[in-house]
Protein chains: 2
Amino acid sequence: MPRPSQPILSTAIITTAALRAVDAAGDFTMPGIAEKLGVRPSSLYNHVSGRAEIIELMRGHVMAEVSVPGERDERWSETVTRLAREYRRSYAKHPRLIPLLTSQTVRTGVAFAMYNALAQAFSDGGFTPADVLAAITTLDSFVLGSALDLAAPEEVWAQVDEANDAMRAALATSVPNPARADTAFEFGLQTLVAGWLTQAQ
Amino acid sequence: MPRPSQPILSTAIITTAALRAVDAAGDFTMPGIAEKLGVRPSSLYNHVSGRAEIIELMRGHVMAEVSVPGERDERWSETVTRLAREYRRSYAKHPRLIPLLTSQTVRTGVAFAMYNALAQAFSDGGFTPADVLAAITTLDSFVLGSALDLAAPEEVWAQVDEANDAMRAALATSVPNPARADTAFEFGLQTLVAGWLTQAQ
DNA sequence: ACCTGAACACCGTTCAAGT
DNA sequence: ACCTGAACACCGTTCAAGT
């Protein structure tokens, strides 16, 4: 059947298949998702330009899940906190995707609604435009780094024999992922917000 | 010449060649570095188990450049600041390597001296063991995320037409990488330290 | 111990051929 | 417009053969 009357593929279908493969195996291949979709690898090129575009489609899919709240009656720092949690939560749904996204950082499209909301919040907090940009970048780095932590294996903090007393005590408190990663993210977010509140006076 | 009396290769030589390729092209291949070294791809396997080990060797090379200071007469927060800068500086030497390191986060070996020093500093600051672990994880996420930012292309903050007023003003302050990334890192580090000082009372 | 040469399975991508 | 089949260049890895 060279060409069905009804198209079998679409960018959405390809994106979903690729995301499923990444969730399951940590990576995807063109032949792999083609097989899952009952199609030949070359068929994919009728809908996407190549592997790179599929990665960008997955990035867009994740970003589209970030819901940016409208105006609310709350302090700017509470807005930042909520946006940060929401941002990270969308990454957390597909932890193994994050490493694939890091080879090319792109801040465009859907995500811009969130950047705008963050800019407004920091601006409300009294930050100068230059500091607004720096603060957003900080949050971005922190959220991305934290998301990478989610995909990390259990034994990230091994090598206890090399630890000093302070580090050994810290390691003794550790619990399995993703609970540890969650706790660490919340603590770090509190640190950042406390810092911004200080900087904003 | 099937086998020279003096070995041509070593893990160090292979690591350096791979690092050079990553710096230049953002990636490396087995045939690629073999050619640079005037050798056949299969020869590499006499010294490394494969591509994955070469990546770990590069990680080790970068981590080995992190110099951890001995005891000094300074506040714990100053120790943390200095370690964070040093940590990030070692990453910054090979920005394009960072994406290759993110598919598998490992905190072992050489880096442990730094983690120990950080644990001691936060412990001196009065943090509980659980919070020490969280604080180190926060710093780790932030430094890694910031390092990724270094490898980002210039037009990371494009799409100005979608920006609201606050975001537009922030973008107007932007300067080329890596100056922007440097500024953002320093601002973020100040935020974190201010936050930790607040949390530590 | 260490480099070579040949081989294998696999990948991403292209493109003319079909409907 | 969209799927197929064949083809290409390339990759990572293995392994017997050489010294």
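Letters go in sequence order (proteins before strands), and every chain restarts at 1.
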Quick one: is Arg40(A) getting a side-chain N or O under 4.0 Å of the dC3(D) phosphate, OP1 or OP2?
no
Whole angstroms only, please: what is the CG-P distance between Asn46(A) and dA17(C)?
16 Å
Examine the side chains of Tyr115(A) and Asn164(B) and answer whether a donor and an acceptor come within less than 3.5 Å of each other.
no
Do any side-chain nitrogens or oxygens of His47(B) fall under 4.0 Å of OP1 or OP2 in dA1(C)?
no
Please walk me through it: do Glu74(B) and Arg82(B) pass salt bridge (charged side-chain N to carboxylate O under 4.0 Å, His left out)?
CA-CA 11 Å; Glu74(B) 63 185 2; Arg82(B) 226 155 21 76; 2.4 Å; yes
With a 6.0 Å cut-off on ring centres, are Phe142(B) and Phe142(A) close enough?
no
Under-3.5 Å N/O pairs linking protein and nucleotides 11-13 of chain C:
unit_1  : atom_1 : unit_2   : atom_2 : d
dG12(C) : OP1    : Arg51(A) : NH1    : 3.3
dG12(C) : OP2    : Met30(A) : N      : 2.6
dT13(C) : OP2    : Tyr45(A) : OH     : 3.0
dT13(C) : OP2    : Arg51(A) : N      : 2.8
dT13(C) : O5'    : Tyr45(A) : OH     : 3.4

When rounded to whole Å, the CG to C1' distance for the pair Leu37(A) and dC2(D) reads 14 Å
Fill in the dot-bracket string of DNA chain C, one character per base: . for unpaired, | for a pair to another strand, ( ) or [ ] for pairs within the strand, taking Watson-Crick or G-U pairs under 3.5 Å.
||.|||||...|||||.||
Atom of Leu44(B), atom of Met30(B) and distance for their closest heavy-atom approach
CD1-O, 3.5 Å
Separation of atom CG in Leu44(B) from atom P in dC2(C), rounded to whole Å:
14 Å
In sequence, state the C-alpha distance, the side-chain angles, and the governing distance for Asp27(A) and Arg51(A), and then conclude on salt bridge (charged side-chain N to carboxylate O under 4.0 Å, His left out).
CA-CA 11 Å; Asp27(A) 205 355; Arg51(A) 184 183 157 83; 3.2 Å; yes
Just by distance, with hydrogens left out, do Thr138(B) and Thr191(A) show a side-chain donor and acceptor under 3.5 Å apart?
no
Atom-pair distance (CD1 on Ile8(B); P on dT19(D)), nearest Å
16 Å
Calculate the interatomic distance between Leu9(B) atom CG and dC2(C) atom P; express it in whole Å.
10 Å
Scan side-chain atoms only and decide if Asp124(B) and Gln120(B) contain a donor-acceptor pair under the 3.5 Å cut-off.
yes
Please step through salt bridge (charged side-chain N to carboxylate O under 4.0 Å, His left out) for the pair Arg59(A) and Glu56(A), ending with a clear verdict.
CA-CA 5 Å; Arg59(A) 187 200 306 277; Glu56(A) 290 314 308; 2.8 Å; yes
